[in-house]
Amino acid sequence: QVQLRESGPGLVKPSQTLSLTCTVSGASITTRNYAWGWIRQPPGKGPEWMGVISYDGTTYYSPFLEGRTSISRDTSKNQFSLQLSSVTPEDTAVYYCLRHWLGAVPDPPDYWGQGTQVTVSL
């Protein structure tokens, strides 16, 4: 059974970098035809796709985040991480990590974490 869990600080100050880690169990993040990504949901708004890192390490990012997103991975720990730089209060949201199945078009998510609240505030 695949499980994903987000972890990281729940409070980030404006202009700093938001950093979260997703720990994966039950599946390897290097298994072919899967990608591992992040979405977020601000209060009162719909979910927003942020980016993904594929099983081979290739990254893809949303064009709406002005280049502030970076996704990396540590294969030895079976973890992948999100960094969002220069945050503002508009980045306050619940952040989710998820898995995409690349064998279909579009690439649907099949597993996701419980989400973690991140607040950007002084």
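Between Tyr34 and Trp101, the angle of the ring planes lies from 30° to 60°, which puts this pair in the tilted group.
The only member of Glu6, Arg40, Gln41 that meets side chain to side chain donor-acceptor pair (under 3.5 Å) when paired with Tyr95 is Arg40.
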Throw together a table of side-chain donor-acceptor distances under 3.5 angstrom for residues 112-122, partners on residues two or more places apart or in other chains.
from   : atom 1 : to     : atom 2 : distance (Å)
Gln117 : NE2    : Thr119 : OG1    : 3.4

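For the residue pair Thr23 / Gln79, a side-chain donor-acceptor distance below 3.5 Å is found, with atom types taken as modelled.
Between Trp38 and Phe80, the distance separating the two ring centers is shorter than 6.0 angstrom.
Between Ala35 and Val52, the shortest heavy-atom distance links the atoms CB-CG2, 3.2 Å. Between Pro109 and His100, the closest heavy-atom pair is N-ND1, 4.1 Å.
In the displayed structure, Arg68 atom CZ is contacted under 6.0 Å by more than 12 heavy atoms of other residues, nucleotides or ligands.
With salt bridges taken as basic N to acidic carboxylate O contacts below 4.0 Å, none links Asp56 and Arg32.
Between Ile29 atom CD1 and Ile53 atom CD1 the span is 7.0 Å, to the nearest 0.5 Å.
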Report task. Could you walk me through whether Thr30 and Thr75 pass the side-chain hydrogen bond (donor to acceptor under 3.5 Å, both in side chains) test, one step at a time? Result -> CA-CA 7 Å; Thr30 62; Thr75 58; over 6 Å; no

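For the pair Leu102 and Tyr55, the minimum side-chain heavy-atom distance is below 4.5 Å.
Between the side chain of Trp36 and the backbone N or O of Arg99, no donor-acceptor pair lies under 3.5 Å.
When the side-chain contact (heavy atoms from CB on, under 4.5 Å) test is applied to Thr69, the partners found at least two apart in sequence or on another chain are Met50, Tyr61, Leu65, Ile71, Leu82, Leu84.
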